[in-house]
Amino acid sequence: MSVLRQQTREQHEALESALNLLAPPLSRDRFLRVLSRFYGFHRVWEPAVAAHVELRAFMDARHRLPLLRRDLRALGLSEDAIDALPLCEDAASCVAETGEALGSLYVLEGSTLGGQIITRALSQEDWTPPQGLTSFNPYREETGRMWRDFRTFAEAQGRGRDAARIVAGARQTFVLLTGWLTT
Ligand code: HEM
């Protein structure tokens, strides 16, 4: 886990500054756009991760698609409009091999940590739904425990695997998201 953190620091910084989510104004339109893009990513990515038998049970307990749908509905999108959102087909290519998929899982589980900061900032805005944007904060007060559980799972799953592929999966995911979320 510490190798992953070190080896993807630059990519995290690039994504964080490209997204620039904390720069005012924290407008509804900007967040609707980012959530729509996340939705198109997760629709391809979640089933592709779950295709790896070693990761399936873990993924099944952490799906974010229903939360993304709920947030998009709360921001005014119809079911049909959500179904018509563009899909990020390249999301499957970051997770083709199990080690790569593990690295990619690290990126999306880690996003719940930054999500805490974003959620706090959004709570000041008057356009956010009463329950907040749940997909940025999927685990709420359980975030710390869920992250520790992920670390334990990832350390066990990573043992005996090629570390370079795990790191490659994480880096590719950061790079893909940097492009996909900002276009
Ligand atoms: C404006 C957007 C973001 C901010 C401000 C932000 C901020 C942070 C912060 C402060 C942490 C460290 C938390 C800690 O050490 O306790 C963190 C961790 C992390 N974030 Fe972000 N983040 C943002 C976006 C994202 C996105 C979009 C992703 C991926 C989709 C992501 C992936 C990660 C990962 C993987 C970690 C874990 C690093 C580690 O400890 O190994 N972040 N983020």
Side-chain angles (χ1 to χ4, degrees), residues 4 7-21 28-115 118 133-139 150 153-154 157-158 161-183:
L4 262 174
Q7 301 277 316
T8 60
R9 182 166 292 141
E10 225 172 87
Q11 287 76 15
H12 180 280
E13 275 171 22
L15 173 57
E16 194 182 322
S17 62
L19 272 180
N20 204 15
L21 280 180
R28 174 190 170 283
D29 283 359
R30 265 177 79 207
F31 278 84
L32 181 55
R33 173 84 193 152
V34 171
L35 289 182
S36 300
R37 299 300 272 176
F38 261 122
Y39 183 80
F41 175 86
H42 276 264
R43 263 194 70 187
V44 175
W45 182 83
E46 288 187 6
V49 173
H52 298 277
V53 67
E54 301 92 329
L55 308 180
R56 185 171 305 147
F58 187 84
M59 183 75 253
D60 281 350
R62 294 178 182 230
H63 283 299
R64 225 171 290 169
L65 264 184
L67 299 181
L68 281 162
R69 264 196 108 88
R70 191 159 94 182
D71 288 347
L72 291 167
R73 289 283 297 131
L75 292 176
L77 254 60
S78 67
E79 297 291 348
D80 286 349
I82 296 172
D83 287 337
L85 288 171
L87 300 181
C88 179
E89 301 292 356
D90 290 346
S93 62
C94 311
V95 298
E97 185 271 337
T98 309
E100 289 167 359
L102 188 61
S104 192
L105 204 47
Y106 160 79
V107 177
L108 276 303
E109 285 304 309
S111 72
T112 64
L113 304 177
I118 294 164
L133 290 177
T134 57
S135 53
F136 278 117
N137 192 16
Y139 311 137
F150 170 71
F153 174 79
Q157 274 299 325
R161 292 189 195 279
D162 181 357
R165 295 200 86 157
I166 302 175
V167 169
R171 282 186 164 167
Q172 270 177 41
T173 304
F174 269 122
V175 170
L176 175 67
L177 282 171
T178 303
W180 176 254
L181 296 175
T182 55
T183 50

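Remember, it's a predicted structure, so these values are computed and weren't measured experimentally.
Considering CD of Glu16 and CG of Leu19, their distance stands at 8.5 Å, rounded to 0.5 Å. To the nearest 0.5 angstrom, Leu85 atom CG is 10.5 Å from Leu35 atom CG. Here the CG atom belonging to Leu105 is positioned 9.5 Å from the CD atom belonging to Gln157, to the nearest 0.5 angstrom. A distance of 10.0 Å separates CG in Asn137 from CG in Leu133, rounded to the nearest 0.5 Å. Rounding to the nearest 0.5 angstrom, the gap separating the OG atom in Ser104 from the CD atom in Glu109 is 10.5 Å. One finds the OH atom of Tyr139 at 9.5 Å from the CZ atom of Phe150 (value rounded to the nearest 0.5 Å).
In this structure, Glu10 places its CD atom where only 12 or fewer heavy-atom neighbours from other residues, nucleotides or ligands lie under 6.0 Å away.
Checked by atom type and distance alone, the side chain of Glu100 never pairs as donor or acceptor with a backbone atom of Ala170 at under 3.5 Å. The backbone N or O of Gly99 sits nowhere less than 3.5 Å from a side-chain atom of Arg165 that would complete a donor-acceptor pair.
In this pair, Trp45 and His42 present their aromatic rings perpendicular. The plane angle is above 60°, beyond the 30 to 60° band. Ring geometry, Phe38 versus Phe136: the interplanar angle exceeds 60°, so the pair is classed perpendicular (tilted spans 30 to 60°).
Shown here for Thr182 and Ala18, the closest heavy-atom pair between the two residues is CG2-O, 3.8 Å. Across all non-hydrogen atoms, the minimal contact from Ala14 to Thr178 is O-CG2, 4.2 Å. Minimum heavy-atom separation, Thr173 to Phe41: CG2-CZ, 4.2 Å. Taking each heavy atom of Leu102 and Ala154 in turn, the nearest pair found is CD2-O, 3.9 Å. Contact detail for Cys94 and Leu176: the closest heavy-atom pair is SG-CD2, 3.6 Å. Residues Val49 and Met59 come closest through the heavy atom pair CG1-SD, 3.6 Å.
Using a 4.5 Å cut-off on side-chain heavy atoms (C-beta onward), Cys88 and Arg43 make no contact. Here the side chains of Arg37 and Leu177 are not in contact, with every heavy-atom distance at 4.5 Å or above.
Residues forming a side-chain contact (heavy atoms from CB on, under 4.5 Å) with Ala81 (at least two apart in sequence, or on another chain): Leu77, Ser78.
The side-chain hydrogen bond (donor to acceptor under 3.5 Å, both in side chains) analysis of residues 64-75, with sequence neighbours excluded, yields the pairs Tyr39-Arg69, Arg64-Ser111, Arg69-Glu79, Arg69-Asp83, Asp71-Thr134, Asp71-Ser135, Arg73-Glu79.
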